[in-house]
Visitor: 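This structure is in structure tokens; I'll ask about it shortly.
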Protein chains: 4
Amino acid sequence: MKDKREVHASVKDERLVEKRRDQMIKGAVSLFKQKGFHRTTTREIAKAAGFSIGTLYEYIRTKEDVLYLVCDRIYEQVRLELEELDVGEGTMESLKLGIVHYFQVMDRMQDEVLVMYQEAKSLSKDALPYVLKKEMEMVGMVEGLIQSCVDRGRLDLDSERIHLLAQNVFVQGQMWGFRRWALQKRFSLEDYMNLQIDLLFAGVIGYETHGRTGGVI
Amino acid sequence: MKDKREVHASVKDERLVEKRRDQMIKGAVSLFKQKGFHRTTTREIAKAAGFSIGTLYEYIRTKEDVLYLVCDRIYEQVRLELEELDVGEGTMESLKLGIVHYFQVMDRMQDEVLVMYQEAKSLSKDALPYVLKKEMEMVGMVEGLIQSCVDRGRLDLDSERIHLLAQNVFVQGQMWGFRRWALQKRFSLEDYMNLQIDLLFAGVIGYETHGRTGGVI
Amino acid sequence: MKDKREVHASVKDERLVEKRRDQMIKGAVSLFKQKGFHRTTTREIAKAAGFSIGTLYEYIRTKEDVLYLVCDRIYEQVRLELEELDVGEGTMESLKLGIVHYFQVMDRMQDEVLVMYQEAKSLSKDALPYVLKKEMEMVGMVEGLIQSCVDRGRLDLDSERIHLLAQNVFVQGQMWGFRRWALQKRFSLEDYMNLQIDLLFAGVIGYETHGRTGGVI
Amino acid sequence: MKDKREVHASVKDERLVEKRRDQMIKGAVSLFKQKGFHRTTTREIAKAAGFSIGTLYEYIRTKEDVLYLVCDRIYEQVRLELEELDVGEGTMESLKLGIVHYFQVMDRMQDEVLVMYQEAKSLSKDALPYVLKKEMEMVGMVEGLIQSCVDRGRLDLDSERIHLLAQNVFVQGQMWGFRRWALQKRFSLEDYMNLQIDLLFAGVIGYETHGRTGGVI
DNA sequence: AATGAATGAGCATTCATTCAT
DNA sequence: CATGAATGAATGCTCATTCAT
């Protein structure tokens, strides 16, 4: 599978395409946040992007293309932000820091993640796999962090547990955004992170060793 | 806040209203599963319910009412299925069984949960709180299970941890459905439940005590 | 091949469908006459038919359906008008009268025929065969007239000549309409009919003086 | 009336205008053949012509100009091909040969003729007369052929008959193209030509057996 | 209480044409 | 002269909702 699903643009100048799509995506994200994909019209997207409806369609083929570009962009952003996560040294501390970092990114991008979360199902059968693949890559990054702790003997987990743990962490990051109505009333981000890491690692490294007193950050 | 948001019906006969809404919800759920709320037309809903579009509007005021009724119904069903969960005896065993039971319900109703999950955002500002309240009640049920273990001294957790743990468990149940594309390829339901409970309780009851060999069921 | 291509209507009451389509076709023909199929909008068709755009689409699926219905209707009308043509007695006189009758029908319906003539190419690959089949049936009616003269020995023509003659007559009828800018300035309908029949039959009955054996090329 | 309707070009260099229009017409004809005038976009025309949409509009003012140029060109081509027809010697043989020649041209150019035939109605009130005039000139050429036979006493026809005969021949040539679905299945070009000429002349030269006095109606 | 025909605002998309570079 | 990005009016079609029967 190719890494990106090409979205057709009539305009040839690649720089311009990039620029216009930036505008478009920025506008669309903000609209999708407010009203969701279905309730947003292409005209609104064009207007929010700062150009005419005709111009919008020079850079996409269908409305769904906008959704795909939005999802793609969000993943890309999240991934860029998480890139450093890759270089975990395999210590528990670096793992925790990685997770904290991930949670912080998810906090900062919670609107975007929410959008993607709720609208991804509107992607065509054609585009969905690309987005899911991206998501798996991100889970893979978390998995990598954990794996390196296992490799260095800091954790004792089989591959299935590693994978599921990664998925749990990943979802807990998203959760902070999509269950904000329940969580953000009750916890500050810091508290949330500390508690989640605590619950997570208490399980992994064993009950007696985990000091509940000090936070990670 | 009232427990239910009343949905206006022109028809007076309450029995009939109940019956017709049953038909309507059943049809709607099946349609929403396939195509989502936005892509489903009121005509399709009426047809699936077995009556005419005119009749449909005798029992609702707007299309969104259908969504609310559907969400409401799904919660009700889930809650009914979880009712017995209430009577945890406060043993770790009963807690685990409760969670297993919850996971099984979420497995059986994954389509419905997915629908609710993805479409709830389309509810009006008016209806959303009712649905969120229901969700909190369900989290509350999980919380109750954990609490009773704490009360009986089987677990040592402060109220914040109890709450977050309950949310985690709750989301892990939903996760099985909404991340099925990633999870159900890799795990059987049984494996998933065992692993999750393992990861959960290893942390809570301490590392050395948990025998990883035997599953819960 | 079925005799008619069904055009889907959402409305069940067949009488009503018939009635509404009557209105629609009448309006459409008049518009197509003025501006052609492509330059006529569905809104205009609806308005000319006396109902809203929404209602129009209760009785058709696509704009092209209107064109098909129009073509179908025109053929039906022409055929109805030509029905009596069927009972040629096989005399030269009845043949001539048949042709005269046909020319008169084509004169009366020249607008409709022109429409069909110029717009038929816009029919989908799906619908075209039905229209062509109808046209062949009408040619067949002319052919029948000639054939019965041959059968009774009033004319001596092989089947190929019969067929081509029928096509010629058929086209000459249409010609009166679609070349009106050239013909109707110069000839009255009566003159045109007399002259065409004259030219036609002079050839047919003056057969013996012409050597049919060698082709020209 | 002028002989040509001027189509405005911004570009001054007449040679270039000629060259560009050549490209444009060639591309347009090929597109119109496939999809008709209305379904062809100006962008497609430009592309088929080998230059940009901006350049296209340096050589025309509106899309309809392209249609006019195409029609004009087709007539010009047909006329060029028929030029030799002019020099009929007034023998029956030369008349027949002329008609054969015309039929052959119409066979070769049937796509073009079909295009013109079906799209001419889309010409503006402004441009139509020029095209019709061209068509009359061509009919005039056929008429000339017949006339010279009459002049030399090989045929005995009044001017009205001459004219109508010319129109009939002309239409029979076009017919071969626009009724190809009916005719070309049944006849080879050669057969078609022989039969048509046969039917035509049998009538014309076998004249004495037919009473011209009374009309049919 | 049930029906389903009618409505029309609303939407995605196209495309002829312009104009700055 | 050539280019092609920008424009926005126009169009086919949908669908939630109403209301007369």
Side-chain angles (χ1 to χ4, degrees), chain A residues 9-13 16-17 19-20 38-47 50-66, chain B residues 9-13 16-17 20 38-47 50-66, chain C residues 9-13 16-17 19-20 38-46 50-66, chain D residues 9-13 16-17 20 38-47 51-66:
Chain A
S10 304
V11 172
K12 300 295 170 71
D13 182 343
L16 193 55
V17 171
K19 182 183 155 198
R20 292 283 179 256
H38 278 106
R39 294 201 202 285
T40 301
T41 69
T42 50
R43 278 174 154 76
E44 288 171 321
I45 296 170
K47 194 172 182 185
F51 37 69
S52 73
I53 181 67
T55 300
L56 179 70
Y57 275 88
E58 293 285 316
Y59 296 92
I60 53 162
R61 266 224 234 280
T62 69
K63 187 186 175 189
E64 205 233 272
D65 281 346
V66 180
Chain B
S10 306
V11 172
K12 302 296 166 192
D13 181 343
L16 193 54
V17 171
R20 291 282 181 255
H38 277 105
R39 296 200 200 286
T40 302
T41 69
T42 50
R43 276 171 152 85
E44 288 171 320
I45 296 169
K47 192 172 183 185
F51 39 71
S52 73
I53 181 68
T55 301
L56 180 71
Y57 274 86
E58 296 288 317
Y59 297 93
I60 54 162
R61 264 227 233 281
T62 69
K63 187 187 175 190
E64 204 232 272
D65 281 348
V66 180
Chain C
S10 304
V11 172
K12 301 296 170 70
D13 182 343
L16 192 55
V17 172
K19 184 183 153 197
R20 292 283 179 256
H38 278 106
R39 295 202 201 283
T40 301
T41 70
T42 51
R43 280 173 157 80
E44 287 170 324
I45 295 170
F51 37 70
S52 72
I53 181 68
T55 301
L56 179 69
Y57 275 88
E58 293 284 313
Y59 296 93
I60 53 163
R61 264 223 235 280
T62 69
K63 187 186 174 191
E64 204 232 271
D65 280 347
V66 180
Chain D
S10 306
V11 173
K12 302 296 164 194
D13 180 344
L16 193 53
V17 172
R20 292 282 181 255
H38 278 105
R39 295 200 201 285
T40 301
T41 69
T42 49
R43 277 170 152 84
E44 288 170 321
I45 295 170
K47 192 172 183 187
F51 38 71
S52 74
I53 181 67
T55 302
L56 180 70
Y57 274 86
E58 295 288 317
Y59 298 93
I60 54 162
R61 264 228 233 280
T62 70
K63 187 185 174 191
E64 205 233 271
D65 281 347
V66 180

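In what follows, chains are A, B, ... by sequence order, proteins preceding strands, each numbered from 1. For the numbers below, each heavy atom of this structure counts, side chains included, while hydrogens, waters and symmetry mates do not.
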Visitor: Locate the shortest heavy-atom distance separating B:K63 from B:T40; write the atom from each residue and the value.
Guide: NZ-O, 2.8 Å
Visitor: Please pick, from F:dA2, F:dA6, E:dA5, the nucleotide with the shortest atom-to-atom distance to any side-chain atom of D:L16.
Guide: F:dA2
Visitor: Tell me whether the rings of B:H38 and A:H38 are parallel (<30°), tilted (30 to 60°) or perpendicular (>60°).
Guide: parallel
Visitor: Whole Å only: how far is the CD1 atom of A:I60 from the P atom of E:dT13?
Guide: 7 Å
Visitor: Measuring only between side-chain heavy atoms, which start at C-beta, is C:I60 closer than 4.5 Å to C:L56?
Guide: yes
Visitor: The side chain of B:Y59 lies closest to which of these nucleotides: E:dA1, E:dT13, F:dT17?
Guide: E:dA1
Visitor: Mind calculating the distance between NE2 (B:H38) and C1' (E:dA12) to the nearest angstrom?
Guide: 16 Å
Visitor: How do B:V11 and A:T40 order along DNA chain E: which one's closest nucleotide is nearer the 5' end?
Guide: B:V11
Visitor: Rounded to the nearest Å, what distance is computed from the CG atom of residue A:L56 to the P atom of nucleotide F:dA5?
Guide: 15 Å
Visitor: Starting at atom NZ of A:K63, determine the distance to atom P of F:dT14, rounded to an integer number of angstrom.
Guide: 16 Å
Visitor: Side chain of C:T41: nearest nucleotide among F:dC1, F:dT11, F:dT3?
Guide: F:dT11
Visitor: Just compare F:dA6, E:dA5, F:dT3 and give me whichever is closest to any side-chain atom of D:S52.
Guide: F:dT3
Visitor: I need the CD-P distance between A:E58 and F:dT3, as an integer number of Å.
Guide: 17 Å
Visitor: C:G50 or B:R20: which one's nearest nucleotide on DNA chain E is closer to the 5' end?
Guide: B:R20
Visitor: Of all the nucleotides listed (E:dT13, E:dA6, F:dA5), which has the minimum atom distance to the side chain of A:K12?
Guide: F:dA5
Visitor: Between atom CG in B:D65 and atom P in F:dT18, what is the gap in whole Å?
Guide: 11 Å
Visitor: So does C:T42 get a side-chain nitrogen or oxygen closer than 4.0 Å to the phosphate oxygens (OP1/OP2) of F:dC13?
Guide: no
Visitor: Measure NZ/B:K47 against P/F:dC15 and give the value in whole Å, please.
Guide: 14 Å
Visitor: If we call it a pair only when both distances are under 3.5 Å in a Watson-Crick or G-U wobble match, what pairs with E:dC11?
Guide: F:dG12
Visitor: Once you apply the 3.5 Å cut-off to both distances, tell me the Watson-Crick or G-U wobble partner of F:dT3, or none.
Guide: E:dA20
Visitor: Would you kindly compare C:R43 and D:D13 by the position of their nearest DNA chain F nucleotide and give the one closer to the 5′ end?
Guide: D:D13
Visitor: Quick check for you: among E:dA16, E:dA12, F:dC1, whose closest atom lies nearest to any side-chain atom of A:Y57?
Guide: E:dA12
Visitor: Which part of the nucleic acid does C:R39 contact within heavy-atom distance under 4.0 Å: base, sugar-phosphate only, or nothing?
Guide: nothing
Visitor: What is the distance, to the nearest angstrom, from the CD atom on D:E64 to the P atom on E:dC15?
Guide: 18 Å
Visitor: On a heavy-atom basis, which atom in C:V17 and which in C:Y59 lie closest, and how many Å separate them?
Guide: CA-CE2, 3.8 Å
Visitor: Of D:I53 and C:I53, whose nearest nucleotide on DNA chain F comes first from the 5' end?
Guide: D:I53
Visitor: Atom CD of A:E58 and atom OG of A:S52: how far apart are they, to the nearest 0.5 Å?
Guide: 8.5 Å
Visitor: Scan A:S10 against the nucleic acid and name what it touches under 4.0 Å (heavy atoms): base, sugar-phosphate only, or nothing.
Guide: sugar-phosphate
Visitor: Shortest non-hydrogen contact from A:Y57 to A:T42?
Guide: OH-CG2, 3.4 Å
